[in-house]
Amino acid sequence: MCPVVKGQLSPLALLEMTFSPASSSSSFSLCVKEKTWFSGPSLNESPSVLSPWLLLAPLLSPAVPQVTSPPCCLCPEGVHRFQWIRNLVPEFGVSSSHVSVLSSPTEFFELMKGQIKAARRRVVMASLYLGTGPLEQELVDCLESTLEKSLQAKFPSDLKVSILLDFTRGSRGRKNSRTMLLPLLQRFPEQVRVSLFHTPNLRGLLRLLIPERFNETIGLQHIKVYLFDNSVILSGANLSDSYFTNRQDRYVFLQDCPEIADFFTELVDAVGDVSLQLQGDDTVQVVEGMVHPYRGDRAAYCKAANKRVMDVINSARTRQQMLHTQTFHSDSLLTHEDAAAAGDRRPAPDTWIYPLIQMKPFEIQIDEIVTETLLTEAERGAKVYLTTGYFNLTQAYMDLVLGTRAEYQILLASPEVNGFFGAKGVAGAIPAAYVHIEQQFFSEVCSLGQQARVQLQEYWRRGWTFHAKGLWLYLTGSSLPCLTLIGSPNFGYRSVHRDLEAQIAIVTESRALQQQLHQEQEQLYLRSGVVSSATFEQPSRQVKLWVKMVTPLIKNFF
């Protein structure tokens, strides 16, 4: 339980929280006293054609519980005020010199190709899907070339390639992610693993009735992690041509961080073990001994998946706590000079990385709890810059933004840079649905007289789409952020309740890294315009009545 620090008490500090890794399901559990935390009521990453079946989904899919767990109080102690997060997840201390913030899709693509070519031990890639164009084929060719070199080396290589994608999105169409990867599986069966996650919520009658493309709305594998030996890229970007050219996202490169690379390798392996395994003949199989995700018992599958993932989190957390104890509390510590003489020349950490996992189908809600806590406890005078490609905040997040003390600048996509803009059929109306949600939130801000504290801004860039997500936290009196969240979640209902998500919290005392994060934030926000009442009076922002009527029914699916 977090200790209560005098002068830092808030209503949420009265809540008691316990982490119970020893429970039978190894699940994340909370004991709450005196208060219950309620949340109210995202489509997937790329445009798709919707159908009238969408209206059946709320009736046919399993009910999603509305109660979420309460946040813990912030406990400013030790090296930084956010170290309470390590009570939930492993804490990785690194030097800021190992952290680089990327700014463009091209930079992201070129770095990935270079890292694949240089990999000697492992390549791990988790994404929603792999596209089918020439740039995606270039990535696959890089993988094939690296695998070929590993076989021709003088000494046998243990290079392994593990790819985790979503089953429904990766199986869409005749040419898809699966067909792109089959040649690798067929040529290097002992070195390549392709896992396809299938949500346990898409089963039975629901699975039979909902057509391709639309079945992706029920739940997805949404984690975006790209790992090469001991280096990791965390992003919200998928493996698709637009994400390599003109779709703006966020990307952070953690170079030579073996403990972090080991953690994400184990996490992707865990999700892979509860996923379907692609075979060389384009069939899929369940890992031996694992419950089938949509044919087997749902409760048994989710319990097994919870245990598999939580075992990774808990074991890494224990390892890092032991390392922390040995580093900071042991009487037999080596001096810096002794450590250098022994060959450990890594600089002392000034930056801390926390992996935040959200898998509500498996009752894992760590990212949700940490995000709610950060929003709740941001003090008066602090500034939070929050961005999402799809503005559809959960009710809990909206209530926290509107009811807390910090200043907020929320960056979202203008309709023209929304990924669904110009889509055929009903999908073409999705940007209008986001406009409707945005206008409702803006009206709430105005009715509460919060316009000076909560500001909406819309990103616009000719010929581009917008997919950046995350937040930057500036403490009171500081012109630079000390914390950022970066990864796959969009802060919407899908991210919290339906999909598998992962992001990292980066906390840093390094002014150089803070400058990088600040520059990243500024570059995104400089391409935006402030939302006002006049914004919604423009002819292009007029939302049709049927869109307004349908939006409440479908907003939990995009």
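The shown structure was predicted, so the numbers you read here are calculated from the model rather than taken from an experiment.
A side-chain donor-acceptor contact under 3.5 Å links Gln358 to the backbone of Val496. Side-chain atoms of Arg453 do not come within 3.5 Å of backbone N or O of Tyr408 as any donor-acceptor pair. With Thr387 contributing its side chain and Leu411 its backbone, the two residues share a donor-acceptor pair below 3.5 Å. Using a distance-only test at 3.5 Å, with no hydrogens or angles considered, a donor-acceptor pair links the side chain of Arg317 to the main chain of Asn87. Side-chain atoms of Ser488 never come within 3.5 Å of backbone atoms of Gly236 as a donor-acceptor pair (strictly under, hydrogens ignored). Side-chain N or O atoms of Arg122 include one that pairs as donor or acceptor with a backbone N or O of Asp229 at under 3.5 Å. A distance-only check finds no donor-acceptor pair linking the side chain of Ser240 to the backbone of Tyr243 [under 3.5 Å]. Using modelled atom types, no side-chain atom of Asn230 and backbone atom of Asp256 make a donor-acceptor pair closer than 3.5 Å. Checked by atom type and distance alone, the side chain of Arg203 pairs as donor or acceptor with a backbone atom of Pro293 at under 3.5 Å. Without hydrogens or angle criteria, Thr199 side chain to Asn201 main chain gives a donor-acceptor distance under 3.5 Å.
Proximity of Leu227 to Gln115: side-chain heavy atoms (C-beta onward) are nowhere separated by under 4.5 Å. By the 4.5 Å heavy-atom criterion applied to side chains, Leu128 and Lys224 are counted as neighbours. Residues Ser275 and His198 form no side-chain contact, since every pair of their non-hydrogen atoms from C-beta on lies 4.5 Å or further apart. A 4.5 Å side-chain heavy-atom check between Glu379 and Leu475 finds at least one atom pair inside the cut-off. A heavy-atom distance below 4.5 Å is found between the side chains of Tyr251 and Pro105. Looking at Phe228 and Met112, their side chains come closer than 4.5 Å, going by heavy atoms from C-beta outward. Side-chain contact between Phe197 and Asp499 is absent, with no heavy atoms from C-beta onward closer than 4.5 Å. A 4.5 Å side-chain heavy-atom check between Val89 and Ile357 finds every atom pair outside the cut-off.
Aromatic ring orientation, Tyr397 versus Phe491: perpendicular (interplanar angle above 60°, classes split at 30° and 60°).
Atom CG in Leu500 sits 5.5 Å away from atom CD1 in Ile223 (nearest 0.5 Å). Atom CD of Glu438 sits about 12.0 Å away from atom CG of Asn392, to the nearest 0.5 Å. Once rounded to the nearest 0.5 Å, the distance linking OG of Ser100 with CD of Gln255 reads 6.5 Å. Here Leu102 contributes atom CG and Asp249 contributes atom CG; the two are 11.0 Å apart, rounded to the nearest 0.5 Å. With rounding to the nearest 0.5 angstrom, the OG atom of Ser177 is 5.5 Å from the CG atom of Leu165. The structure places CD of Glu266 at 11.0 Å from CD1 of Ile313, a figure rounded to the nearest 0.5 Å.
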Run His497 and Asn556 through side-chain contact (heavy atoms from CB on, under 4.5 Å) and show every step you take. CA-CA 9 Å; His497 293 282; Asn556 292 349; over 6 Å; no
What's the verdict on side-chain contact (heavy atoms from CB on, under 4.5 Å) for Leu456 and Val445, showing C-alpha distance, side-chain angles and the deciding distance? CA-CA 10 Å; Leu456 294 180; Val445 171; 5.9 Å; no
Set out, in order, the CA-CA distance, both residues' side-chain angles and the distance that settles side-chain contact (heavy atoms from CB on, under 4.5 Å) for Leu485 and Leu374, then state yes or no. CA-CA 10 Å; Leu485 301 183; Leu374 293 173; 4.1 Å; yes
Between Thr484 and Val101, does a side-chain contact (heavy atoms from CB on, under 4.5 Å) hold up when you go through it step by step? CA-CA 11 Å; Thr484 191; Val101 179; over 6 Å; no
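Partners of Phe264 according to the ring-ring contact (aromatic ring centres under 6.0 Å, His included) rule, which considers only residues two or more places apart in sequence or in another chain, do not exist here. Taking Tyr459 as the reference, Phe466 meet the ring-ring contact (aromatic ring centres under 6.0 Å, His included) condition, with sequence neighbours excluded. For Arg207, there are no salt bridge (charged side-chain N to carboxylate O under 4.0 Å, His left out) partners, not counting sequence neighbours.
Residues Val284 and Arg178 approach most closely at CG1-NH2, 3.9 Å, considering heavy atoms. Shortest non-hydrogen contact noted between Gln516 and Val99 is NE2-O, 3.5 Å. Residues Leu267 and Met359 share a closest heavy-atom pair of CD1-CE, 4.3 Å. Of all heavy-atom pairs between Ser510 and Ser96, the closest is OG-OG, 3.0 Å. Contact between Glu216 and Thr168 at its shortest, heavy atoms only, is CG-OG1, 3.6 Å. For Leu239 against Glu136, the heavy-atom pair with the smallest separation is O-CG, 3.6 Å.
Glu91 and Gln83 form no side-chain donor-acceptor contact under 3.5 Å, judged by distance and modelled atom types alone. Side-chain atoms of Arg193 and Gln277 form a donor-acceptor pair, as typed in the model, at a separation below 3.5 Å. Between the side chains of Ser127 and Asn238, at least one donor N or O sits under 3.5 Å from an acceptor N or O.
A salt bridge does not link Arg308 to Asp269: none of the charged side-chain nitrogens sits closer than 4.0 Å to a carboxylate oxygen. Under a 4.0 Å N-O distance rule, the pair Arg319/Glu259 does not qualify as a salt bridge. Salt bridge absent: Arg172 and Asp166 never bring a charged side-chain N and a carboxylate O closer than 4.0 Å.
Evaluated for a side-chain hydrogen bond (donor to acceptor under 3.5 Å, both in side chains) with Ser495, the options Glu368, Glu501, Lys469 yield exactly one hit, Glu501.
Remark: Arg498 qualifies as a cation-pi partner of Phe557 under the 6.0 Å distance and 45° angle criteria applied to the six-membered ring.
A centroid separation of less than 6.0 Å is found between the aromatic rings of Tyr474 and Tyr385. Not less than 6.0 angstrom separates the ring centroid of Phe82 from the ring centroid of Tyr354. Between Tyr434 and His436, the ring center distance fails the sub-6.0 Å criterion.
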